[in-house]
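Positions are given from 1 along the sequence. Start at 1 and go down the list; that is how both ligands and their atoms are numbered.
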Amino acid sequence: MTKKGRVFSGARPTGRQHLGNYMGAIQNYVALQGEYDCIYCIVDLHALTTLETTLDLKQNTYEMALDWLAAGIRPEESIIFIQSHVPQVTELHTILSMVTPLGKLTDLPTFKDKVREQPHNVNYGLLGYPVLMTADIVLYKAGAVPVGVDQAPHLEFARETVRSFNYHYNTNVLIEPQMKVTQVPKVIGIDGQQKMSKSLNNHIELASTAKETEQRVMQMVTDPQRQRRSDPGNPDICNVFAFHKVFSSPEEVATVNTECRRAGIGCVDCKRMMARNLNQHLEPFRERRQQIAGNPDQVWAILDDGAQRARAIAEATMQEVRAAVGLA
Ligand code: SF4
């Protein structure tokens, strides 16, 4: 089947992935493979901008790759690799930084957020983050980048940088990436309040056992109006119901929707039902993960092979870039 073009996406190595990562990105990565030539990158250099220690970096990279593969990213079809294994990206980052006004970087809301979050470590990497991200995308001449609406400004930055480069060096070697806006569901953690995240410890890991998963589900915060079993609830404001909508059958969703409102079902039973369905959904993933984890060398070999294929594309782009700039 002829594919529609090339897609690039990168994610920081955060170790074992959770349901938020899965529903927000990984499922989409897997689906895109049918339509596009996909390049998926584990952006370890970007991770350096915020890490206090890099002791777990390699292990986190491995665990994330393992989850991606177990979830269905097909290395024989897509390129999956580690950012730092393609050094051309740092060269392009430097060159692009010459056409990036400093004020534009300091004005970016994401930079200001980071300064607030880690005032003790406002490093240059944080400032140059969007330039490195642009280098990632354009190095592989990706026509499309899947982004959630909240990431749209980053891609607009990349597009402007490409225009500046092409104008400045009177060339057209770099391609303006198009946004492929995807509906990224905001997955709320088990606290029922905040976005699911490891740092908030409100997450459910994909690789957890069925028992651990059920335990986490049983801790989920529900509609606070249901103090007693006999209190009617409102599923529309309950996070458990949001998960039912993803992992349960339409009939079960309809039942919970009706029975919760008239206290016909208790939260414990409701959560058990959801945990069972979630576990059923994750079972094939867990089996594949266990199988792949039995041979860690193979995971590293897949990442090496991906880097080799990525380097070939990157070097071809850099030869054009160097020629356009006058460096070759
Ligand atoms: Fe939430 Fe289910 Fe309890 Fe209703 S019955 S409040 S949907 S956990």
Beyond-backbone contact of M318 with I95, side-chain heavy atoms, under 4.5 angstrom
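M318 reaches I95 side chain to side chain.
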
Using the ring-ring contact (aromatic ring centres under 6.0 Å, His included) rule, collect all pairs that involve residues 218-260, keeping only residues at least two apart or in two chains.
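The answer is F247-H281.
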
Check ion pair D107-K104 (N to O, under 4.0 angstrom):
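Salt bridge flag = no for K104 with D107.
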
Should R286 and E205 count as an ion pair when the cut-off is N to O under 4.0 Å?
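So R286 does not pair with E205 through a salt bridge.
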
Please output the residues near ligand 1 using a strict heavy-atom distance under 4.0 Å, listed in chain and residue-number order.
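For ligand 1, the residues that come within the 4.0 Å heavy-atom cutoff are T222, D223, R226, C238, V240, F241, V256, C260, C267, C270.
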
Ring geometry between Y40 and W68 (parallel below 30°, tilted from 30 to 60°, perpendicular above 60°):
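Perpendicular: the ring planes of W68 and Y40 meet at over 60°.
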
Among the clusters formed by ILVMFWY side chains lying less than 4.5 Å apart, do V256 and V221 turn up in the same one?
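No, separate clusters.
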
